[in-house]
Every structure is written in structure tokens, then in C-alpha cells.
There are 2 protein chains.
Amino acid sequence: MKELLRTKGFKTTPQRELIFDCFFSLGKHVTVDELYQKVRELDPSVGHSTVWRNLKLICQLGLAEEVNIGDGITRYDRTTPKPHGHFFCRSCKKLLEFDVGSVMGALVEAAHEVKFEPDGYKIEIQGYCSDCRQASRPNDAATGSANDERKA
Amino acid sequence: MKELLRTKGFKTTPQRELIFDCFFSLGKHVTVDELYQKVRELDPSVGHSTVWRNLKLICQLGLAEEVNIGDGITRYDRTTPKPHGHFFCRSCKKLLEFDVGSVMGALVEAAHEVKFEPDGYKIEIQGYCSDCRQASRPNDAATGSANDERKA
DNA sequence: ATTGAAAATGAAAGTCGTTTTCAATTGGCG
DNA sequence: CGCCAATTGAAAACGACTTTCATTTTCAAT
């Protein structure tokens, strides 16, 4: 890891090592804040911006990439060898992964048809996970009842 | 249109009608600001928040949905009968649509395998369109050279 | 080991899209 | 017509993200 940084011309600092370690010790789909909290547990002196910058650096190094569901919070997903998409539960905000290897071919082909050269993808399926199926269903104005949940 | 609003319990106002009309007269992937500008051309008295709220309303009514590429700006895409994904050009920020009908089946199936009930999807392929293929390629630290574009 | 240039850090402030507040206005059913 | 709730517009609040800047630290070359 140090070597990877070195070869790219980045310096190794205690904070940087800590942040990198924490990032990789956390699960997938980490938010800046989650990482920040984790880092602060081990070293409360590390600043917000340092965590943020190093998370960006991790992305620059190709070790992770941003995942952007629609809630305004960027998550960072460790890059993994196999392509995957995400199931996003509208209720509990859980993010489940699923394999998309079987559809990548068709997508790349579709891209090439319009002379588009893909170098990244984002496949997200929204809905409700098994735990939340019977729970609340926000934003159903489109399907029937209205006059609710608007000024609550 | 008035009837749709009426039946859902919403009132018809001049501003609302104007905003709705403008939204549907604009192409796809409209940003709040684009819509705001368009509306202001026809009625400079309409407020920012009114445009914004009515855009949300359009979404609530199921007439459009948010598209969130990673640039921090929410676009609004008229819902169309056929499912489609987006090609997003990293260089010129263009958004091209493509048909995803052929892969939806596999995705829904994958969802059901983990007891997930999908009610929405978001398929985005990033890369470079034919116009931008030979142009700049940001964020290539992952693939080779580094020490550039970081403090420029 | 020492040094000095470049990079990294941390606190704080800035940016910017989005969302809420609130007083004033307006639509539409009765 | 008249009322009441919905709507509006200006402005402020919000919050995630990003930058600034003075200080500290790393590390390659002494």
C-alpha cells in the first residue's frame, strides 16, 4: 500500500494510513461520515477534510468508486473484481449487491451501437427488501391515493 | 392535466400550469435550473421555490423521475413507456438514452432471488461519446500516470 | 542526522443545490 | 360571494461537499 502511494507520488502519513486502513476494514458502501466516525474512534485529532480528501484519493487510486443513490449522500464502494449492481431498499436504505455479469455484455454492446466507449457503469434497482415489504410505502401518489404525506 | 391534479387534490394555478407546460416542452433530463430559466422567460415573477416544488409534484404524480448522475445536479426525466438507461459522457456531460428492455428481465429475476421487490431502476453507463473520444481523460490516476491534475 | 521544497493536515469558511419557513395571496368548493 | 386550505415568493436554513490558508510533516538530497 505504501508502495502504491509512493509510486504515484503521494506521501505516507499516519493519518493517511489510518484512513486507508479504516476504509478497508469497514464494509462496503461507506459514507464519508461513517469513515470519519471510525477514524475518530482511533484518532480524534484527524480532521474532517483529511478524511474526505483521502477518500477521494482512494478513488483516484482506483481502489474505490463513488456510489450515488438518490439521497444526496455519496457512498464509497471498494472496487471488486466482479461487476455488480445494487439493490437499494427505499425503506431501510439498505444496499444489497447483485451480480450483473450476465447483462454487462448487452449493455456494452448497446453502448458501442451509438459509438459510445464505456468505462464505468452504475446499475441500481430500487424497491423494498423482504424485511420492509409490508412496511410503509412512501411516494405512492403516482399509483393512487393522494392528499397525504405532503404536509405531514 | 387539470383533471389529474384535481383528482389528486391539488389546485390549478397559473404558475403551476406554466411550469408543467414548460417541463413537458423541454427535452429530457431537465435540471431545476433549466426549467427555472425557461419558466422565467415566460413569467419572470415565478419564484425559484415554486418551480422546485412543482417539479417535485410532477415526480409525485409519476410523470417524471429523478436522474442522479454523480455530478451533484439532479435531472428530471419524463417517464416514458419503455424502460431505458443512460449513457453519460464524462467529457461533455451529454446524456444519451438506450433501451434496456433486454436486460430488465434478468435484473428483476436477480432481485427476486434475494426476495427484493423492485419498483424502480437506474442504469447508467459512463464513458466517452464519439465526439469526445480523443479529448481529455480525467481521473486516470488509477491506470497509470499520476502527480497531475491534483493541484492544478 | 540535517535540511528544505513539496505535500499533507486541520480548522474554518465557502460553495452550491436543495429544502423549509412564513407571511401574503389565491383557487375552488359550498 | 366567502371561507379555508393550498399555493406562492422571498429569504433564510440546511447539509453535503470543497476550498482556503497557515502550520506541520514527509522524504529525497545532502
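Chain A is the first sequence line, chain B the second, and so forth, proteins listed ahead of strands; every chain is numbered from 1. Given the structure is predicted, the values throughout are model-derived calculations rather than measurements.
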Going by atom type alone, with no hydrogens or angles, which donor-acceptor pairs under 3.5 Å involve a side-chain atom of residues 16-26 of chain B and a protein atom two or more places apart or on another chain?
unit_1	atom_1	unit_2	atom_2	d
B:R16	NE	B:N54	OD1	2.7
B:R16	NH1	B:K11	O	2.7
B:S25	OG	B:C22	O	3.0

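- Atom NZ of residue B:K56 and atom CD of residue B:Q60 lie 9.0 Å apart, to the nearest 0.5 angstrom.
- Heavy-atom distances under 4.0 Å link DNA chain D to B:S45, B:V46, B:G47, B:S49, B:T50, B:R53, B:N54 of residues 41-55 of chain B, given in residue order.
- Not a single salt bridge (charged side-chain N to carboxylate O under 4.0 Å, His left out) links A:D33 to another residue, sequence neighbours left out.
- For the pair A:E17 and B:V32, both in contact range of DNA chain C, the more 5′-proximal nearest nucleotide belongs to A:E17.
- When rounded to the nearest whole Å, the span between NZ of B:K8 and P of C:dG28 equals 18 Å.
- Distance OH (A:Y36) to P (D:dC17): 14 Å, rounded to an integer number of Å.
- Whole-Å rounding puts the A:I73 CD1 to D:dC14 P distance at 17 Å.
- Taking atom CG of residue A:D71 and atom C1' of nucleotide C:dT19, one finds them 15 Å apart after rounding to whole Å.
- Evaluation of the ring-ring contact (aromatic ring centres under 6.0 Å, His included) rule for A:F116 yields B:F87 as partners, not counting sequence neighbours.
- Take B:K94 and apply the side-chain hydrogen bond (donor to acceptor under 3.5 Å, both in side chains) test, not counting sequence neighbours, and it matches B:D131.
- In this structure, the side-chain hydrogen bond (donor to acceptor under 3.5 Å, both in side chains) partners of A:Y36, at least two apart in sequence or on a different chain, are A:R40.
- In this structure, A:L57 atom CG and D:dT26 atom P are separated by 16 Å, rounded to whole Å.
- Residue A:I73 is found outside any hydrophobic cluster, as its side-chain heavy atoms come under 4.5 Å of no other Ile, Leu, Val, Met, Phe, Trp or Tyr.
- For A:Y76, there are no ring-ring contact (aromatic ring centres under 6.0 Å, His included) partners, not counting sequence neighbours.
- Axis deviation across the helix from C:dA1-D:dT30 to C:dG30-D:dC1 amounts to 30°, comparing end segments of five pairs, rounded to 10 degrees.
- Residue B:Y76 contributes atom OH, which lies 12 Å from atom P of C:dG17 at whole-angstrom precision.
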Please step through side-chain contact (heavy atoms from CB on, under 4.5 Å) for the pair A:V103 and B:V100, ending with a clear verdict.
CA-CA 10 Å; A:V103 305; B:V100 295; over 6 Å; no
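- Counting only residues at least two apart or in different chains, side-chain hydrogen bond (donor to acceptor under 3.5 Å, both in side chains) contacts with residues 97-106 of chain A comprise A:H29-A:E97, A:H84-A:E97.
- Close to D:dC17, at under 4.0 Å from its OP1 or OP2, lies a side-chain N or O of A:T74.
- Projected onto DNA chain C by closest heavy-atom contact, B:Q15 and A:I19 fall at different nucleotides, the more 5' of which corresponds to A:I19.
- As rounded to whole Å, 11 Å separates atom C1' of C:dG17 from atom CG of B:N68.
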Contacts under 3.5 Å, N or O only, protein and nucleotides 27-30 of chain D:
unit_1	atom_1	unit_2	atom_2	d
D:dC27	OP1	A:T12	N	3.0

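- Here D:dT8 presents its C1' atom at 13 Å from CG of B:L18, a figure rounded to the nearest Å.
- A search for side-chain hydrogen bond (donor to acceptor under 3.5 Å, both in side chains) contacts involving A:E124 returns A:Q126, not counting sequence neighbours.
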